[in-house]
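Worksheet for the structure shown next.
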Amino acid sequence: MKGVVKLAVVLAVAASCFGCKAFRTLGEQRINAQGAPYELIVVCDQPEWQGALGDTLRSILTEPVAGLNQREPLFDVLRVLPSGFENLVTRHRNVLQVLVDAEVEEPAAAVQYDLYAQPQIVVTLQGPTQQSLVDYLGAHREELLYVLEKAERDRTIDFGRKFPDKFLAGLVKEQFGVDFSVPQGYKLRAKGDDFLWISYEFPQASQGFFIYSYPYTGKQALTVEALTEVRNRFAARIPGPSEGSYMITADVYEPDLRTFRLEGRLWVELRGFWDVKNDFMGGPFVSYTTVDTTTQRVFTIDCYVYSPKNHKRNYMRELEHLLYLISVPDKTPADE
C-alpha cells in the first residue's frame, strides 16, 4: 500500500475511513486495476445519491468537457451501494467513496493510491451531514477534479516513460533538440524541414500531433493571430482524403489562448477546431508552444483528434498528457 496523500493542502486526512492493508507479502502478485479511462466508481448510499449531495457530485463530475464539438462529461460515473463495493468492483482504477456519519466532527477528504489494485486512486469524502459535504465540495471542487485528472494523466506519463518509441524519440531529438518520450503505438506519417507528423490510427478514429519550429521574432509571435497563421502554414502539410485537400484551422470560432508555466517553463496553449480545406472533416485541436532561448526558435506540438462516430474526450485527454513527456533543455525567457 502506498501512503495516504492529502487531496490538497487545505484538506484533512480522513484516516478512519480506510481499511487498507499495512503490508503486502513478498509472494503477493500485482492486481491490475479495471475500468476504462475517465470511468469513475462512486460508492454512495441511496439517500445521499438521490439528495442534494448526489446532485452536487453529478454536477461536478459530469460537467461537459470544454473544447469538444459534442457534449461529453468529465467522467463517466458508475454508482454502487456500499454493500456492492466488493470483489472486482474494488479493483476499479478510479474510486470515490462517500460517507455521511453524524459522529464525524467536520467534512474532510483524503486520497489513497493502489489500495486494492494498481494503478488505482481511491478518494474518500466524509462529513456529519449531506449539507456539510455539499458545502465542502463547493469549496474544494477544483481540488477533487485535479487529483482525479492527475491520476489519469500519470498513467499516460508512466506508460510513455516505460514504453517509449525510441525511433520517434530519436527523430524529435535530432530535429528539434527536445527530449520527448513518445509512447509506443504512434507512427511517423511525414517528415520535412522543421516538421514531423505523427499519429496513432484506429479503425474509426485518428489521434495525432505534428511538431514544428520556426524563428522567434518577439512577443508578437505568441498572439492568437500569429499562432493561428503559423499553424495553418504547417497544417497544410497534412493532406485530407481527397485531391488538393489539407488541414486548416476552423474560422467559425476563434481559438482560445491561455498561458501557463510547467516546471518553470512558459507555455502558450491554443485550443480550437480544425477543418479540411476542400473536404468535409474536422475535430478539436490543442497546441502547446514555447520558446527555446538557446536557438531563439519557437517550438510547438499541435495535437488533434478525428473521431466522427465515437467520443473524443479520451483521445484528446491522452494527447494533452503528452506535454508532460516533453523536456526542452533551457529556461523560458522572462516575460517582456
Side-chain angles (χ1 to χ4, degrees), residues 5-9 37-38 65-67 74 111 113 119 121 141-162 164-165 168-169 172-173 175-183 186 196 198 207-214 216 218-219 221-224 226-228 230-231 234 255-272 284-305 313-336:
V5 182
K6 288 185 178 180
L7 183 57
V9 175
Y38 290 92
V65 177
L74 292 174
V111 183
Y113 296 94
I121 180 173
R141 172 187 180 279
E142 295 303 323
E143 290 97 323
L144 173 61
L145 293 176
Y146 174 79
V147 295
L148 291 172
E149 160 62 25
K150 185 176 183 299
E152 292 288 4
R153 184 179 75 202
D154 287 347
R155 291 166 187 142
T156 301
I157 295 171
D158 288 345
F159 180 83
R161 288 175 177 169
K162 290 178 181 177
D165 187 305
L168 294 177
V172 176
K173 181 70 172 180
Q175 193 147 340
F176 301 101
V178 170
D179 294 315
F180 183 12
S181 297
V182 183
Y186 288 91
L196 289 176
I198 297 167
Q207 180 185 38
F209 59 88
F210 49 109
I211 301 173
Y212 48 93
S213 178
Y214 52 95
Y216 179 59
K219 192 174 182 179
L222 302 180
T223 64
V224 172
L227 291 172
T228 301
V230 174
R231 181 183 194 276
F234 284 99
D256 292 325
L257 183 145
R258 75 177 180 101
T259 60
F260 63 96
R261 289 190 180 273
L262 181 61
E263 296 182 353
R265 167 168 292 281
L266 182 68
W267 289 89
V268 179
E269 176 190 283
L270 192 70
R271 187 181 295 271
F285 82 86
V286 61
S287 70
Y288 299 105
T289 297
T290 191
V291 178
D292 183 343
T293 54
T294 301
T295 59
Q296 282 298 296
R297 293 182 67 83
V298 178
F299 171 85
T300 296
I301 175 171
D302 195 302
C303 309
Y304 68 90
V305 168
R313 178 197 61 202
N314 291 5
Y315 294 126
M316 203 67 200
R317 284 289 195 243
E318 185 175 302
L319 288 168
E320 292 168 356
H321 298 160
L322 294 180
L323 180 62
Y324 295 83
L325 294 168
I326 294 174
S327 176
V328 182
D330 77 311
K331 295 182 178 179
T332 299
D335 297 342
E336 297 180 10

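Here the structure is a predicted model, which is why all the values come from computation and not from measurement.
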I need the minimum non-hydrogen distance between [X] and [Y], along with the two atoms involved.
{"X": "Pro284", "Y": "Gly67", "answer": "CB-O, 3.4 Å"}
{"X": "Pro37", "Y": "Arg313", "answer": "O-NH2, 3.9 Å"}
{"X": "Val147", "Y": "Ile121", "answer": "O-CD1, 3.4 Å"}
{"X": "Phe285", "Y": "Met316", "answer": "C-CE, 3.5 Å"}
{"X": "Ile326", "Y": "Val178", "answer": "CG2-CG1, 3.5 Å"}
{"X": "Val291", "Y": "Arg265", "answer": "O-NH1, 3.1 Å"}

For a side-chain contact (heavy atoms from CB on, under 4.5 Å) check, start with the C-alpha distance between Tyr288 and Glu269, then their side-chain angles and the critical distance, and finish with the verdict. CA-CA 5 Å; Tyr288 299 105; Glu269 176 190 283; 3.4 Å; yes

Gap between atom [atom2] of [Y] and atom [atom1] of [X] - 0.5 Å precision:
{"X": "Phe209", "Y": "Thr300", "atom1": "CZ", "atom2": "OG1", "value": "13.5 Å"}
{"X": "Asn314", "Y": "Glu152", "atom1": "CG", "atom2": "CD", "value": "7.5 Å"}
{"X": "Leu322", "Y": "Arg153", "atom1": "CG", "atom2": "CZ", "value": "12.5 Å"}
{"X": "Tyr186", "Y": "Leu168", "atom1": "OH", "atom2": "CG", "value": "10.5 Å"}
{"X": "Leu323", "Y": "Thr156", "atom1": "CG", "atom2": "OG1", "value": "12.5 Å"}
{"X": "Tyr216", "Y": "Asp292", "atom1": "OH", "atom2": "CG", "value": "12.0 Å"}

Counting C-beta onward and ignoring hydrogens, is there a side-chain heavy-atom pair between [X] and [Y] closer than 4.5 Å?
{"X": "Thr228", "Y": "Pro255", "result": "yes"}
{"X": "Arg258", "Y": "Arg271", "result": "no"}
{"X": "Val65", "Y": "Arg317", "result": "yes"}
{"X": "Leu266", "Y": "Thr259", "result": "yes"}
{"X": "Leu325", "Y": "Val182", "result": "no"}
{"X": "Thr289", "Y": "Val298", "result": "yes"}
{"X": "Phe176", "Y": "Val328", "result": "no"}

Can you check side-chain contact (heavy atoms from CB on, under 4.5 Å) on Phe234 and Asp302, steps first, answer last? CA-CA 10 Å; Phe234 284 99; Asp302 195 302; over 6 Å; no

Audit row: Ile301, Phe180, side-chain contact (heavy atoms from CB on, under 4.5 Å) steps and yes/no: CA-CA 11 Å; Ile301 175 171; Phe180 183 12; 3.9 Å; yes

Could you pull out all residues at least two apart from Glu318 that satisfy salt bridge (Lys or Arg N to Asp or Glu O under 4.0 Å)? none

I'd like to check the salt bridge (Lys or Arg N to Asp or Glu O under 4.0 Å) partners of Asp256; sequence neighbours left out, ordered by chain and number. none

Residues that Phe210 engages under ring-ring contact (aromatic ring centres under 6.0 Å, His included), provided they are two or more places apart: Tyr212

Could you give me the CA-CA distance, side-chain angles and deciding distance for Glu263 and Tyr324, then say whether side-chain contact (heavy atoms from CB on, under 4.5 Å) is met? CA-CA 10 Å; Glu263 296 182 353; Tyr324 295 83; over 6 Å; no

